[in-house]
Amino acid sequence: MRILGIESSCDDTAAAIVEDGQRLLGAERLSSVLLQRRFGGVVPEVAAREHAMAVLPVVQLALERASLRARDVDAIAVTQGPGLLGALLVGVTFAKALALAWEIPVIGVHHLEAHLYANALVEPLRFPALALIVSGGHTTLSYWSEHGKLLVLGATRDDAAGEALDKGARLLGLPYPGGPEIEKLARGVAGPPMFPLPIAKLGTSSLDFSFSGLKTAFEELTRRHPDKRAEAAQSLQEAVVEALCRNLERAFERYPVSQVYLAGGVTANQRLARRVIDWGASAGVAVCIPPPVYCTDNAAMVASAGYYRHQLGDSMGPQEGPKTPWALQDVWVGGI
Ligand code: KG4
Ligand code: ZN
């Protein structure tokens, strides 16, 4: 089954065709990030307008790259939420209209669920697993027992990890998105961090995250040591990586699965990848991290998630629109 995936929840307009949830046939993506940099972050109205201009050519180019025509597509999957409302509206409305014209089903996909399915493009998924999703807007740790069954174990109580990196980068005068810029700057610094930054302790039984204290401490650090930008960047990256790994390891003690999946933009970070892979090797657990291009927002993951959602009997009704906010636990049927 060939599914056309469409992603427009933030600043990337993306389309991809994936066969049977696993094989990528063709993809195209256009980002408004360079335009957004002028404003130091994503401006919702700018994002929506750019999606409206880009969505049709991006879909046409994805089909061309896959050497396919409209009649070769069996269903459309689109990010239904959460995300920027105006941006989602463009993708959802376009997908519904296209599905009507092509007389095929349309499936609405949860953006975080879609991030997890980037792993299905790498290898056949194995359950049960622990799933760590770390993006610009979310930080979520879950127990994933099978398609359609996911139990959220912990989430951020304030800022997301990506948000902490983006804000930290801004304090260092680096452009948006800040995560990759922090990683680049930190690469020149070896050894343990020069400035140990606080990692939130939320009680021994909690698997939640908190990054607001780290953000405040980092602000103070940049004020005190304006000449130590690379060392500060490395200290921030280490603190974020440590906070993520600590909870993952703690979750593993309680749920000793044999598979861990990472997903979301921040998991493109090579320091995080190294740390989780090394831990996985010592703990005897398989770790899967999508290649960086599938960690950040893309449409192949949406098409893959749409395939598995379709297998579960999901489709989007004619009266449905974008859903935001939309909690991950409301999508998945909890239970182990
Ligand atoms: O998943 P994503 O592309 O979009 C959302 O759903 O939010 O994640 C974007 C986030 C941004 O905060 C960005 O700074 C971060 O992912 N990011 C990274 C890296 N690449 C992207 N953070 C750390 N290291 C990276 N290499
Ligand atoms: Zn995302």
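We count ligands from 1, going down the list as the structure has it; atoms in each ligand are counted the same way. Hydrogens, waters and symmetry mates play no part in the numbers below; they use all other heavy atoms, side chains included. All values derive from a computational prediction rather than experimental measurement.
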Which atoms of ligand 1 have any heavy atom of [X] under 4.0 Å away?
X: Leu165; value: 22 (N), 23 (C)
X: Gly137; value: 7 (O)
X: Gly162; value: 12 (O)
X: His115; value: 1 (O), 6 (O)
X: Pro177; value: 13 (C), 14 (O)

May I ask you to decide whether Arg309 forms a salt bridge with Glu113, counting only side-chain N to carboxylate O separations under 4.0 Å?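 Salt bridge flag = yes for Glu113 with Arg309.
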
Any salt bridge between Glu242 and Arg275, counting N to O under 4.0 Å?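 Looking at Glu242 and Arg275, the cut-off is met.
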
Treating Lys96 as the side-chain partner and Pro318 as the backbone partner, does any N or O pair qualify as donor plus acceptor under 3.5 Å?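 Yes; judged by distance alone, with no hydrogens or angles, the pair exists.
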
For atom CZ of Arg69, decide whether the heavy atoms of other residues, nucleotides or ligands shown that lie under 6.0 angstrom number more than 12.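 At most 12 heavy atoms, drawn from other residues, nucleotides or ligands, come within 6.0 Å of this atom.
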
Under a single-linkage definition using a 4.5 Å side-chain heavy-atom cutoff for Ile, Leu, Val, Met, Phe, Trp and Tyr, are Met194 and Ile182 assigned to the same hydrophobic cluster?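 In one cluster: yes.
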
For [atom], what is the closest protein heavy atom, and at what distance to 0.1 Å?
atom: atom 21 (C) of ligand 1; value: Gly265 O, 3.4 Å
atom: atom 10 (C) of ligand 1; value: Gly136 N, 3.5 Å
atom: atom 12 (O) of ligand 1; value: Asp166 OD2, 2.8 Å
atom: atom 22 (N) of ligand 1; value: Gly179 CA, 3.3 Å
atom: atom 26 (N) of ligand 1; value: Glu183 OE1, 2.7 Å

Fit a plane to each ring of Phe209 and Phe211, take the angle between them on a 0 to 90° scale, and name the class: parallel (under 30°), tilted (30 to 60°) or perpendicular (over 60°).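 Geometry flag for Phe211 against Phe209: parallel rings.
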
Using the six-membered ring wherever Trp is involved, compare the ring planes of Tyr308 and His147 and label them parallel, tilted or perpendicular (cut-offs 30° and 60°).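 The arrangement is parallel - the two ring planes meet at less than 30°.
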
May I ask you to test the His110-Trp326 pair for a side-chain heavy-atom distance under 4.5 Å?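 In contact.
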
Compute the angle centred on the Zn ion (ligand 2) spanning NE2 of His111 and OD1 of Asp297, and express it rounded to 10 degrees.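 Roughly 100°, rounded to 10°.
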
Worked check of side-chain hydrogen bond (donor to acceptor under 3.5 Å, both in side chains) between Thr13 and His51: CA-CA 6 Å; Thr13 317; His51 287 309; 2.8 Å; yes

Please classify the Asp297 to ligand 1 contact at 4.0 Å (heavy-atom distances, strictly less than): side chain, backbone, both or neither.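 Looking at Asp297 and ligand 1, atoms from backbone and side chain both fall under 4.0 Å.
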
Taking non-hydrogen atoms only, is Ile182 closer than 4.0 angstrom to ligand 1 via side chain, backbone, both or neither?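 No part of Ile182 comes within reach of ligand 1.
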
Give a yes/no verdict on whether any heavy atom in Cys10 is under 4.0 Å from an atom of ligand 1.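 No heavy atom of Cys10 comes that close to ligand 1.
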
Taking only non-hydrogen atoms of His111, do any sit less than 4.0 angstrom from ligand 1?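 Contact check His111 vs ligand 1: positive.
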
Apply side-chain hydrogen bond (donor to acceptor under 3.5 Å, both in side chains) to Gln237 and Asn269, showing your working. CA-CA 9 Å; Gln237 178 174 267; Asn269 186 283; 2.9 Å; yes

Backbone or side chain, does His115 get an N/O/S atom under 2.8 Å to the Zn ion (ligand 2)?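 An N, O or S atom of His115 is closer than 2.8 Å to the Zn ion (ligand 2), so yes.
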
Shortest non-hydrogen contact from Leu185 toward Arg229: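 In this case the closest contact between Leu185 and Arg229 is CD2-O, 3.8 Å.
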
Are any of the N or O atoms of Asn269 closer than 3.5 Å to those of ligand 1?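 Right, the criterion is met.
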
